[in-house]
Amino acid sequence: MNENPLTRLSPAQRILTHAVLLLLAIPFLLPLAWMISTSLKGDAQIFPREGSSVSPVSLANLIPSPVQFENYPAALKTVPFAVYLQNTLLLCLLNVIGAVGSSAVVAYGFARIRFKGREVLFVLLLATMALPGQVTMIPTFALYTKLGWYGSFLPLIVPAFFGAPFFIFLMRQFFMTLPEELAEAARIEGASEWDIFWRIILPLSKPVLATCALFQFLGTWNDFFTPLLYLNDPSRYTLAYGLQQFMSSYGGKYAQLMAAATMFTAPIIILFFLAQKTFIQGIATTGTKG
Amino acid sequence: MAGEYSATVSSRGLDQAPPSSGLRRLVVVLLNLLLVGSLVLFFALPGPQERSYPQREPVRFWHMWSGEWKDVVDGIAAEFNKSQDKYEVIALSVPGASADYKFLLAVAGGDPPDCMAQWNQVIPAWADQGMLVPLDTLMSPAEWQDFQASAYPVALKIGCYKGHLYGVTTGINIWGCYYNPAHLRDAGLDPDNFPTDLDEVWAWGQKLNRYDENGNLTRMGFLPGWCQMYVPVFGGSFYDPGADQVTIYTPANLHALTWLADKHKELGYDKVVRFQSMLNTGGFSTEWPFISGQYSITVDGQWRVEQLAKYAPDLKYRTAPIPPPKGGKPLAGWSNGNFMIIPKGARHVAGAWEFIKFWSGVENPERAAKFYTRGGWLPLSPKIARAPVYQEYLRKYPQFKTFLDVLPSENIQTSAPVPYQVFLGDMIGRADDFAMRGTLAPAQALKDLERNVAQEIERRRRFGL
Amino acid sequence: MQSNRTGYAFISPWLLGFLIFTVFPFVASIYLSFCRYDIISPPAWVGTANYEELLAKDPRLWKALWNTLYYASVAVPLGIVAAFALALLLNLDVKGMSVYRTIFFLPNIVPAVATSIVFVWILNPQIGLVNGLLRHIGVEGPAWLNDTKWAMRSLIMMSLWGVGGSVIIYLAGLKDIPASLYEAAVVDGAGTWDRVRHVTIPMMTPVIFFNLIMGIIGAFQYFTQAFIMTAGGPEDSTLFYALYLFYRAWRYLDMGYASAMAWVLFVVVTTVTAVVFRTHRKWVHYGG
């Protein structure tokens with residue numbers, strides 16, 4: 001069990017905690033609730049008809065009646081779901097491996113090894129995040145085109161393998177808090193820096209690694225823009241692009257749009273639920289240190 | 001090397017083992033990553049696109065329709081591909097919000113599509129930079145003469161820039177009044193005698209307004225707004241074609257803006273803002289307050305006819321042209337639309353042009369008429385409108401006829417054909433907003449607008465644009 | 001551990017990526033900031049004209065910068081406090097915590113199309129949730145997103161919806177605090193608040209520091225919500241710097257000017273970040 005005394009609560013405190021959390025949860029739940037509820041309605045239920053002043057979005061309008069599921073198969077038919085899913089998963093997998101793996105290595109360098117120019121380079125790394133992407137988009141595009149990557153998956157995969165500043169910074173902060181004694185002991189036993197990184201630091205850093213993996217997965221999952229810019233073949237697009245297609249539809253199939261959005265979101269919610277259980281909670285029971 | 005290191009082992013007892021072994025392992029891991037990466041790259045390299053007619057010349061066509069409209073477009077492309085054996089149109093639907101990025105980057109990167117359906121506002125800026133193929137150069141002189149003689153004037157106004165044709169429309173937008181006869185009857189007004197004077201429409205609107213117990217509007221009888229649309233109705237204009245100049249602070253423009261702002265003031269600026277934001281539900285394009293009965297009379301585009309047929313088939317409604325005020329102009333308003341363009345650098349110009357002619361009806365109006373009815377689009381020329389298929393459509397949707405009647409009007413204006421048209425449009429919208437909220441007096445809003453635009457012109461001059 | 005070779009070997013992926021993928025676009029955008037460049041025709045050198053223009057002749061730019069500074073100075077601290085407090089709550093040992101954690105992360109997962117529709121409804125002046133609640137206590141709320149005075153505040157409120165990301169990072173950090181530290185504090189007779197103040201907060205400073213820096217960088221480039229919800233209006237009250245830059249770059253096809261704007265922003269952001277960075281030795285404690 002969690003032995004952190006901060007988390008030991010009396011029954012009254014428990015009830016209070018639940019009450020506060022439940023109250024706070026309402027606004028955070030509304031988008032999901034509305035999305036699912038709309039996905040189960042017919043178009044006639046979404047739009048209020050003459051004489052009613054009920055908004056399409058309102059608590060009174062949240063329960064669909066009758067519930068109908070046909071928006072789901074209809075949405076699936078509109079886009080080549082299997083192809084998009086396959087592309088999305090491939091991109092997610094490679095981006096997570098590439099970004100988390102390379103960022104961890106780099107972060108270790110910045111956090112635990114003293115070398116000439118480290119501070120300057122780290123500031124440089126932070127600075128690369130301070131320039132709006134809007135103005136580097138054209139040169140970047142030109143660069144990829146010159147490399148012959150336009151029209152392929154390469155611009156969507158390769159950059160991830162060279163470290164992401166956000167993750168590098170985040171992991172650096174975590175690596176720096178780990179006690180130096182562990183590393184020193186290992187060094188005395190003849191371990192190399194790589195051994196220390198691989199055998200000591202990484203196993204202790206599961207929470208932050210999981211966090212970065214989650215963020216990267218989410219980022220790639222939701223990114224429709226990069227595929228759109230670099231790919232011209234519809235059979236290479238991703239789920240996010242498919243969802244975008246529903247959104248800019250001039251017609252008004254909101255129920256279908258929300259059905260698509262629900263299917264798009266559900267895997268992520270499940271993934272998050274499982275991930276936070278496995279990593280964030282698990283680490284306390286394995287006893288990090290102390 | 002290892003020896004060198006062990007010699008420098010610090011007194012702290014670190015680095016007992018040669019660190020280069022760790023270094024080597026790091027290098028090995030990095031190499032492995034690269035190996036995995038390159039394997040992936042191998043599989044990720046662009047494969048050949050599947051084509052229905054691989055032996056034909058490909059014509060890459062990008063557009064912004066999606067959903068059921070995308071099906072209409074795909075259908076037209078398929079019919080084109082069937083109609084001849086030289087070209088294959090490959091249509092790609094690009095989500096609207098990002099279409100400009102993709103298009104501009106493709107052009108900047110030297111690989112534009114052969115043909116694209118774009119909003120007309122890009123024509124002046126892109127044509128000015130020599131980025132579009134002048135389509136009149138693809139016609140014989142006789143064809144060009146015929147095109148000018150047959151197309152609706154508004155299609156020419158929008159499609160031309162400095163004497164050349166850069167875009168051919170496949171769908172013009174025209175605005176008119178939609179009104180709810182049931183509301184009118186309830187208020188003792190005769191729907192068979194819709195006013196022919198704008199002030200009278202306003203007076204009707206006042207009788208149709210409904211308020212709740214707090215004095216908030218729950219139903220808007222008639223809310224005139226959007227000065228781009230009303231300036232032509234008042235006989236004004238933001239552009240003088242004779243002098244090729246943007247015109248802003250003119251008596252007619254001021255009259256239009258003042259009239260609109262006065263109406264907002266009469267209803268109460270705050271009440272209007274509240275009513276309008278009540279309607280804004282954040283992205284429902286089809287959630288139109290006219291359907292839910294929150295508007296009794298409102299001005300909107302012809303596409304609503306198709307939407308009402310789909311989403312509110314039981315709603316009884318009628319349409320009418322926007323009536324002018326005294327001294328104003330009849331059958332007036334503002335217009336925009338979807339236009340087919342061919343970018344410079346396109347590899348298959350001839351094929352793109354064939355496709356444009358096919359779809360728009362330059363070549364065969366009778367055949368193209370059915371494409372227009374599939375999308376509920378207003379036609380390029382009266383020839384198309386006269387086609388039996390189109391007449392059939394009008395019989396099915398009698399309300400649509402209003403828009404077709406307005407279409408030939410010389411009083412329909414388009415945005416000024418200047419390269420900074422998008423900027424101008426945004427600035428007009430901004431001045432409009434300031435005046436309708438009562439923050440600035442209409443005269444002041446127009447003067448500010450004039451100054452902003454003069455500044456932009458001066459800036460462009462200085463930069464040699 | 002001091003070793004130049006090992007150090008460079010470890011950071012080599014980023015260094016290589018920087019040299020291959022970042023240097024060219026950065027240098028190119030500096031060059032473009034001295035050019036007239038409309039994206040579609042080749043850039044032409046104009047010297048410092050873009051910078052002169054934006055420093056002296058563009059009042060909207062200053063309005064946008066002011067809006068952005070205002071947003072950053074309110075939303076960033078607010079976000080840090082809210083996320084930290086929420087993380088502490090979510091770190092408590094009650095049943096169903098994994099469900100709560102998932103719920104608070106939901107707005108980061110649910111597509112923007114659903115969240116923005118719901119948010120617009122919550123703030124709807126007549127039929128919205130907030131004004132409905134306010135009416136119960138006899139207050140008539142403003143028109144929120146459609147009110148020149150309140151639109152910015154509405155967006156700041158909305159930013160709180162996105163705290164889930166920071167909460168996750170804080171949670172990961174909280175799990176890293178050795179239980180022995182708390183036990184020692186309990187032995188010393190520290191109460192709950194004392195433990196938070198003297199153990200939790202100091203141990204969390206590296207993560208707080210991270211969220212602060214990323215919050216600043218993110219706030220200065222704040223764009224998406226303003227673009228979707230208000231498009232800069234009403235009356236320029238939510239015209240953010242990055243939004244104005246976007247208009248200049250992609251709507252008015254003035255990429256040269258936009259590049260100059262971007263580099264001015266770059267200088268502002270790096271200056272603010274550097275100032276914060278300077279202070280960090282004073283208050284950030286790395287336990288290791």
Side-chain angles (χ1 to χ4, degrees), chain A residues 2-7 14 17 21 25 28-32 34-35 55 57 102 105-106 108-109 113-116 127-132 134-136 139-140 143 159 162-163 169-170 173 176-180 193 207-208 211 247 261 265 268-269 272-273 276-277 280 283-284 288-290, chain C residues 1-4 6-7 10-11 13-14 16-17 21-22 24-25 28-29 92-94 98 100-107 109-111 113-115 117-118 121 127 168-169 171-172 175-176 178-180 182 186 195 206-207 210 217 221 242 245-246 249 258-259 262 266 269-270 286-288:
Chain A
N2 201 332
E3 66 232 285
N4 180 345
L6 247 194
T7 60
R14 268 168 216 274
T17 309
L21 283 173
F28 286 81
L29 258 176
L30 276 174
L32 181 77
W34 185 79
M35 181 175 79
S55 157
V57 194
S102 59
V105 174
V106 176
Y108 184 81
I113 303 173
R114 244 171 256 125
F115 57 89
K116 228 177 157 182
T128 58
M129 289 187 280
L131 191 71
Q134 306 274 10
V135 298
T136 51
T140 307
L143 179 71
F162 293 89
F169 184 21
L170 180 59
Q173 296 305 96
M176 281 177 83
T177 62
L178 297 174
E180 183 63 25
E193 278 308 311
V208 70
T211 306
M247 266 178 238
T265 314
I268 303 279
I269 297 178
F272 179 82
F273 185 77
Q276 63 91 25
K277 244 183 163 160
I280 297 174
I283 202 73
T288 320
K289 54 194 163 175
Chain C
M1 169 70 203
Q2 171 91 43
S3 166
N4 287 343
T6 319
F10 268 97
I11 68 160
W14 170 72
L16 274 175
F21 298 118
T22 313
F24 169 69
S29 79
L92 294 173
D93 186 23
V94 298
S98 42
Y100 286 123
R101 282 186 200 132
T102 310
I103 289 173
F104 288 106
F105 196 65
L106 280 178
I109 308 177
V110 172
V113 60
T115 35
I117 287 172
V118 169
W121 164 65
I127 51 175
I168 298 301
I169 294 173
L171 278 171
K175 292 297 179 195
D176 255 7
S180 57
Y182 289 116
V186 172
R195 287 197 301 261
V207 184
F210 171 83
I217 291 176
Q221 295 180 39
L245 189 156
F246 163 82
S259 300
F266 180 83
V269 178
T270 43
Y286 295 103

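Naming convention: chains lettered A, B, ... in sequence-line order (proteins, then strands); numbering from 1 in each chain. In this text, all values refer to a predicted model and were calculated from it rather than measured experimentally. Values below: all heavy atoms of this structure, side chains included; hydrogens, waters and symmetry mates excluded.
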Chain A contacts, top residue of C:Pro111, C:Ala249, C:Ala242, C:Ser259 (heavy-atom pairs, under 4.5 Å) | C:Pro111

Heaviest contributor of heavy-atom pairs below 4.5 Å to chain A, chosen from C:Gly17, C:Ala262, C:Pro25, is C:Pro25

Given that the side chain runs from C-beta out, which part of [X] has a heavy atom under 4.5 Å from chain A: side chain, backbone, both or neither?
X        : value
C:Phe21  : both
C:Leu16  : both
C:Thr115 : both
C:Leu245 : side chain

Hey, could you give me the [atom1]/[atom2] distance between [X] and [Y], rounded to the nearest 0.5 Å?
X        : Y        : atom1 : atom2 : result
A:Ile268 : C:Phe105 : CD1   : CZ    : 9.0 Å
C:Ile217 : A:Phe169 : CD1   : CZ    : 7.5 Å
A:Thr265 : C:Ile109 : OG1   : CD1   : 8.0 Å

Can you label the angle between the A:Phe28 ring and the C:Phe104 ring as parallel, tilted or perpendicular, going by 30° and 60°?
-> perpendicular

Among A:Ile269, A:Leu170, A:Thr17, which has the most heavy-atom pairs under 4.5 Å with chain C?
-> A:Leu170

With no hydrogens and no angle check, is any side-chain donor or acceptor of A:Gln173 less than 3.5 Å from a backbone partner on C:Val207?
-> no

Do any N or O atoms from the side chain of C:Arg101 and from the backbone of A:Phe273 form a donor-acceptor pair under 3.5 angstrom?
-> no

